[in-house]
Amino acid sequence: MRRPIGWLDREAPGGKRQVKVEFFADTLQWRFRTPEAEKWSAGEPTARNWDELEDKIRQLMQRGHLFERELALVQRLRPPRQ
């Protein structure tokens, strides 16, 4: 398992929250945590979260990390844009 990718989502509905995405085989696991929460919880990512994840993966790829497979997975699993 790869190390999760994470960031702080300041534009989340209901206030800022931490976002963590873990890759398991051909699935993604989204986890979120608000400042007052003690534990990570599953949730639905926003369209902006999907954009941010793609940006983070592309940044890692530019730095020489091997994330081509993860980028293809994200693009395949992402809901259609409206």
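None of the values given here were measured: they were computed from a predicted structure.
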Engineer: What residues, two or more places apart in sequence or in another chain, satisfy salt bridge (Lys or Arg N to Asp or Glu O under 4.0 Å) together with Arg31?
Structural biologist: none
Engineer: Nearest 0.5 Å please: distance from the CD1 atom of Ile57 over to the CD atom of Glu70.
Structural biologist: 6.5 Å
Engineer: Enumerate the residue pairs fulfilling ring pair (Phe, Tyr, Trp, His ring centres under 6.0 Å) with a member in residues 29-61, sequence neighbours excluded, ordered by first and then second residue.
Structural biologist: Trp30-Trp50
Engineer: Could you go through residues 12-20 and list every donor-acceptor pair under 3.5 Å that involves a side-chain atom there, pairing it with any protein atom two or more places apart or in another chain?
Structural biologist:
residue : atom : partner : partner atom : Å
Arg17   : NH2  : Asn49   : OD1          : 3.0
Gln18   : OE1  : Arg33   : NE           : 3.1
Gln18   : OE1  : Arg33   : NH2          : 3.0

Engineer: Atom CZ of Arg63 and atom CZ of Arg58: how far apart are they, to the nearest 0.5 Å?
Structural biologist: 14.5 Å
Engineer: With sequence neighbours left out, what residues match Glu68 under side chain to side chain contact (heavy atoms under 4.5 Å, CB included)?
Structural biologist: Met61, Leu66
Engineer: If you look at every heavy atom in Leu73 and Asp26, which pair is closest and at what distance?
Structural biologist: CD1-O, 3.6 Å
Engineer: Could you check whether atom CZ of Arg10 has more than 12 heavy atoms from other residues, nucleotides or ligands sitting under 6.0 Å from it?
Structural biologist: no
Engineer: With the side chain counted from C-beta on, respond yes when Asp55 and Trp7 share a heavy-atom pair under 4.5 Å apart, and no when they do not.
Structural biologist: no
Engineer: What are the two closest non-hydrogen atoms of Glu54 and Leu71, and how far apart are they?
Structural biologist: CG-CD1, 4.2 Å
Engineer: To the nearest 0.5 Å, what is the distance between OG1 on Thr46 and CD on Glu52?
Structural biologist: 9.5 Å
Engineer: Check step by step if side chain to side chain contact (heavy atoms under 4.5 Å, CB included) holds for Glu22 and Leu28.
Structural biologist: CA-CA 6 Å; Glu22 297 173 316; Leu28 295 176; over 6 Å; no
Engineer: Using the test salt bridge (Lys or Arg N to Asp or Glu O under 4.0 Å), find all partners of Asp51 that sit at least two apart in sequence or belong to another chain.
Structural biologist: Arg78, Arg81
Engineer: Taking salt bridge (Lys or Arg N to Asp or Glu O under 4.0 Å) as the definition, give me every residue that meets it alongside Glu11, ordered by chain and number, with sequence neighbours left out.
Structural biologist: Arg48
Engineer: To the closest 0.5 Å, what do you measure between CZ (Phe67) and CG (Leu60)?
Structural biologist: 5.0 Å
